[in-house]
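Inspection log for the structure reproduced underneath, given as structure tokens.
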Amino acid sequence: MTVSDATPNVLRLGVNIDHVATVRNARGGATPDPVRAAVLAQEAGADGITAHLREDRRHIADRDIEALMEALTVPLNFEMAATDEMQQIALRHTPHAVCIVPEKREERTTEGGLEVAREENRLAHFIAPLAEAGCRVSIFIAAERAQIEAAHRIGAPVIELHTGAYCEAHAEGDFATRDAELARLTEMAAFAHDLGLEVHAGHGLTYGCVSPIAALPQIRELNIGHFLIGEAIFRGLPDAMAEMRRLMEAARAS
Ligand code: PXP
């Protein structure tokens, strides 16, 4: 447990460093190093670091997970698909948290939430050893009642709500859809919280759309990657994070 875990109404910022590895892998060498970015984010006040080891290793590599476990003092949130290979890797490293995400090779990023309701039995068995090993298990799902109830039934203590559709509608200027998505996220964050789940959110968040999500009082953690890493090119990672943190805190205080 981190200090902030025990503090109610604190909104944590988890920084996802996957896309530093995407740039590294574009040339196949060692730079830029995602572990260096993670340590920089940690020094700049990240509450946690998130890294997604995909089946095809398109960004984060196995050696990155090993190095992150050694280098970090803040919690590592290890994103992974529900496969035997990933379960073994997680059990070998026992990171602070694991976030179970759906994964399709052909997708550019994690497009939807996990279909927990359809795979309840398998997922219950899948997460049990991870929880026993001391990892805080989180399930990345759409803001849908059936998925939240299923995540609760399989014994996951945390859910992360997929904010992708909300962010995309915002970016496209489709404000009717954006507002409908926000209403859904608002209602489902409260529903999940009432069930006793810890609620996180993430995917696609930017300076332009983070505030209404950060203002939801049940949400305890935001995981943000692509936008922050892109913004870091122009202003540096600490400064990019500081602006995100400022927006999150202002929304929370309002
Ligand atoms: N949360 C989860 C579960 C994700 O899979 C991702 C993307 O890897 C993120 C948060 C971060 O999304 P983004 O990179 O769009 O900020």
Side-chain angles (χ1 to χ4, degrees), residues 11-23 25 34 37-38 41 46-60 64-65 68 75-82 86 90 95-105 107-116 123 127 135-143 147 151 156 158-172 181 185 189 192 197-211 213-214 219-233 237 240-241 243-245 247-248:
L11 182 59
R12 300 192 296 267
L13 172 61
V15 176
N16 180 317
I17 44 84
D18 289 350
H19 295 302
V20 179
T22 305
V23 177
N25 296 359
D47 296 299
I49 299 297
T50 295
H52 183 177
L53 185 66
R54 292 187 78 104
E55 197 189 7
D56 61 9
R57 311 301 199 267
R58 72 175 69 158
H59 37 59
I60 293 296
D64 297 323
I65 297 297
L68 287 167
L76 175 66
N77 177 30
F78 177 62
E79 279 184 15
M80 55 181 247
M86 289 301 151
H96 168 87
V98 294
C99 180
I100 313 295
V101 302
E103 211 176 283
K104 295 191 212 108
R105 265 179 194 265
E107 71 188 357
R108 232 184 298 166
T109 181
T110 315
E111 281 165 5
L114 200 64
E115 283 288 338
V116 198
L123 287 170
I127 67 170
C135 301
R136 184 200 68 189
V137 177
S138 155
I139 313 278
F140 188 47
I141 52 175
Q147 303 301 340
V158 180
I159 57 158
E160 180 167 329
L161 295 177
H162 198 311
T163 52
Y166 157 79
C167 296
E168 210 174 289
H170 177 84
E172 287 169 358
E181 288 295 331
L185 286 159
L197 292 163
E198 180 170 317
V199 185
H200 300 176
H203 207 281
L205 292 168
T206 65
Y207 294 153
C209 66
V210 73
S211 299
I213 302 296
I219 293 185
R220 300 288 303 277
E221 181 174 306
L222 298 182
N223 286 303
I224 308 181
H226 184 265
F227 177 81
L228 274 181
I229 299 305
E231 194 63 11
I233 294 168
L237 188 54
M241 284 170 54
E243 176 64 4
M244 188 61 81
R245 180 81 82 179
L247 291 165
M248 285 164 58

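Side chains included, hydrogens not; waters and symmetry mates left out as well; all remaining heavy atoms used. Counting starts at 1 for both ligands and their atoms, following the listed order.
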Show which atoms of ligand 1 fall inside a sub-4.0 Å distance from at least one heavy-atom site of [X].
X	answer
Asn16	8 (O)
Val101	3 (C)
Gly204	12 (O), 13 (P), 15 (O), 16 (O)
Asn223	10 (C), 11 (C)

Determine, considering heavy atoms only, which of [options] sits nearest to [atom].
atom	options	result
atom 5 (O) of ligand 1	Glu79, Arg54, His52, His59	Glu79
atom 7 (C) of ligand 1	His203, His200, His162	His203
atom 16 (O) of ligand 1	Gly225, Gly164, Gly14, Ala201	Gly225

Is Ile224 close to ligand 1, meaning an N/O of one under 3.5 Å from an N/O of the other?
-> no
When only distance counts, is His226 in polar contact with ligand 1, meaning an N/O pair under 3.5 Å?
-> yes
Answer side chain, backbone, both or neither: which part of Glu160 comes under 4.0 Å from ligand 1, heavy atoms only.
-> side chain
Would you mind checking if Arg57 and Asp64 are paired as a salt bridge, meaning a charged N to carboxylate O distance below 4.0 Å?
-> no
Of His203, His200, Glu160, the one forming a side-chain hydrogen bond (donor to acceptor under 3.5 Å, both in side chains) with Asn223 is Glu160
Would Phe140 and Leu114 satisfy side-chain contact (heavy atoms from CB on, under 4.5 Å), going step by step from the backbone distance to the final call?
-> CA-CA 6 Å; Phe140 188 47; Leu114 200 64; 5.6 Å; no
Under 3.5 Å: donor-acceptor pair, side chain of Ser138, backbone of Ile159 = no
Would you confirm whether Asp18, through its side chain, and His52, through its main-chain N or O, come within 3.5 Å as a donor-acceptor pair?
-> yes
Roughly how far, to the nearest 0.5 Å, is NE2 of His226 from SG of Cys167?
-> 12.5 Å
Glu221 vs Asp47, side-chain contact (heavy atoms from CB on, under 4.5 Å): CA-CA, chis, key distance, verdict = CA-CA 9 Å; Glu221 181 174 306; Asp47 296 299; over 6 Å; no
